[in-house]
Amino acid sequence: MRNRREILRAGLVMTGILAAGLSAFGTGLGLRPARAADDPAVATAQRMIEAFQEALKSPDVRGRVAVLTAPMAESFDLPAMLRLAVGSRWKDIPADKQAALIEAFGPYLTATYATRLSAATGGRFSVQPKSEPRGSGRIVRGTATDASGDESPVDYITNADGKITDVYLQGTVSEAGTLRTNFADTLKSGGADALLEFLRKTTATMLAAAPTPAPAGAPAAGAAKP
């Protein structure tokens with residue numbers, strides 16, 4: 001017969017402990033999902049939550065990029081995400097230019113997420129401890145809660161290797177779809193070369209952003225907390 005501690009542990013797993021952290025909308029602290037390491041898709045989402053949480057400690061985009069670069073390269077299938085964003089034009093791009101675009105896309109997407117974190121203070125994010133089948137991969141369902149308490153779904157789509165290939169906001173707004181819209185005019189007017197220039201210039205612009213001002217009454221960056 002199981003003892004009381006084992007019974008309580010099993011009960012917590014069955015009810016689903018929510019992982020608190022942050023998304024593009026918010027950040028917070030709390031319990032990690034139960035046995036996330038047993039579900040590669042959930043483990044990937046949790047790894048990113050922890051990276052976002054750590055990145056928030058930096059007041060500027062460059063500092064947040066430094067924190068996010070390695071976790072995003074590990075957790076996102078960047079080539080697959082870029083192929084989705086470019087769409088049917090991808091097959092017509094020469095291999096050497098495809099490689100250059102993938103190389104530029106990683107810093108671009110990382111800087112995009114680092115920039116979004118500028119508005120993340122005061123919120124929280126949770127993911128369910130079990131993923132669900134989605135095509136040949138999985139979907140990890142989560143909820144973002146902003147500083148005012150408003151909630152919205154944020155879902156991670158992963159491939160068979162547990163890497164993120166898309167992120168859905170509000171259940172229907174695809175990150176890859178949004179990128180495709182953003183890239184469409186550039187690709188139409190100048191092809192792969194124009195897109196490569198766009199990725200590099202936009203990344204540089206985001207990295208040059210000024211540090212995020214601290215909220216009124218908040219301690220300055222590096223100041224001791226009570």
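The chain is numbered in sequence order, starting from 1. Just so it is clear, the structure is predicted and the values come from calculations on it, not from any experiment.
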For this session: Please say which of T165, D166, I164, L169 ends up in a side-chain contact (heavy atoms from CB on, under 4.5 Å) with E175.
Result: D166
Problem set entry | Side-chain donor/acceptor of T181 to backbone N/O of G177, under 3.5 Å | yes
Exercise. Would you call the rings of F76 and Y113 parallel, tilted or perpendicular if under 30° counts as parallel and over 60° as perpendicular?
Worked result: perpendicular
Problem set entry | Exercise: identify the closest heavy-atom pair between G106 and L78 | CA-CD1, 3.8 Å
Problem set entry | Sidechain-backbone polar pair: S58 side chain, A55 backbone, donor-acceptor under 3.5 Å | no
For this session: Check for a donor-acceptor pair, side chain of N159 on one end and backbone N or O of D161 on the other, with a separation under 3.5 Å.
Result: yes
For this session: Would you check if Q46 and E50 make a side-chain contact, meaning some heavy-atom pair closer than 4.5 Å?
Result: yes
Exercise. What's the spacing between L117 CG and K57 NZ if we round to 0.5 Å?
Worked result: 13.5 Å
Problem set entry | Chi angles and distances behind the side-chain contact (heavy atoms from CB on, under 4.5 Å) call for V42, K130 | CA-CA 7 Å; V42 174; K130 295 291 184 181; 5.6 Å; no
Problem set entry | Spacing of F183 atom CZ and T178 atom OG1 [to the nearest 0.5 Å] | 10.5 Å
Problem set entry | Working for side-chain contact (heavy atoms from CB on, under 4.5 Å), residues Y168 and V173 | CA-CA 5 Å; Y168 276 80; V173 182; over 6 Å; no
For this session: Report yes or no: do V127 and I157 belong to one cluster of Ile/Leu/Val/Met/Phe/Trp/Tyr joined by side chain heavy-atom distances under 4.5 Å?
Result: no
Problem set entry | Interatomic distance, L68 atom CG to T112 atom OG1 [nearest 0.5 angstrom] | 11.0 Å
For this session: Decide whether Y108 and V67 are clustered together by the hydrophobic rule: side chain heavy atoms of Ile, Leu, Val, Met, Phe, Trp, Tyr closer than 4.5 Å, transitively.
Result: no
Problem set entry | From K163 atom NZ to T158 atom OG1, the distance as rounded to the nearest 0.5 Å | 12.0 Å
For this session: Supply the atom-to-atom distance L187 CG to D193 CG, rounded to the nearest 0.5 angstrom.
Result: 10.5 Å
Seminar exercise, completed: L196 and A104 have their tightest heavy-atom pair at CD1-CB, 3.7 Å
Exercise. Would a 4.5 Å heavy-atom cut-off, applied to side chains only, mark P153 and R141 as touching?
Worked result: no
Problem set entry | Verdict with reasoning, L101 to L199, per side-chain contact (heavy atoms from CB on, under 4.5 Å) | CA-CA 8 Å; L101 286 169; L199 292 174; 4.1 Å; yes
Problem set entry | Minimal non-hydrogen separation, A209 against V61, with atom names | CB-CG2, 4.1 Å
Exercise. Would you say D155's side chain and G171's backbone share a donor-acceptor pair under 3.5 angstrom?
Worked result: no
Exercise. Backbone N or O of A41 within a donor-acceptor pair of the R138 side chain at under 3.5 Å?
Worked result: no
Side-chain atoms of residues 80-90: list all donor-acceptor pairs with protein atoms under 3.5 Å, sequence neighbours left out, distances to 0.1 Å.
none

For this session: Test side-chain contact (heavy atoms from CB on, under 4.5 Å) on T44 and V140 and set out the steps.
Result: CA-CA 9 Å; T44 296; V140 182; over 6 Å; no
Problem set entry | Beyond-backbone contact of P71 with M48, side-chain heavy atoms, under 4.5 angstrom | yes
Exercise. Hey, what do you get for CZ (R62) to CG (D60), rounding to the nearest 0.5 Å?
Worked result: 8.5 Å
Exercise. Is a side-chain donor or acceptor of R64 paired with a backbone partner of A114 at a separation under 3.5 angstrom?
Worked result: yes
Exercise. More than 12 heavy atoms of other residues, nucleotides or ligands under 6.0 Å from CG of N182: is that the case?
Worked result: yes
Exercise. Heavy-atom count around E132 CD within 6.0 Å, excluding the residue itself: above 12?
Worked result: yes
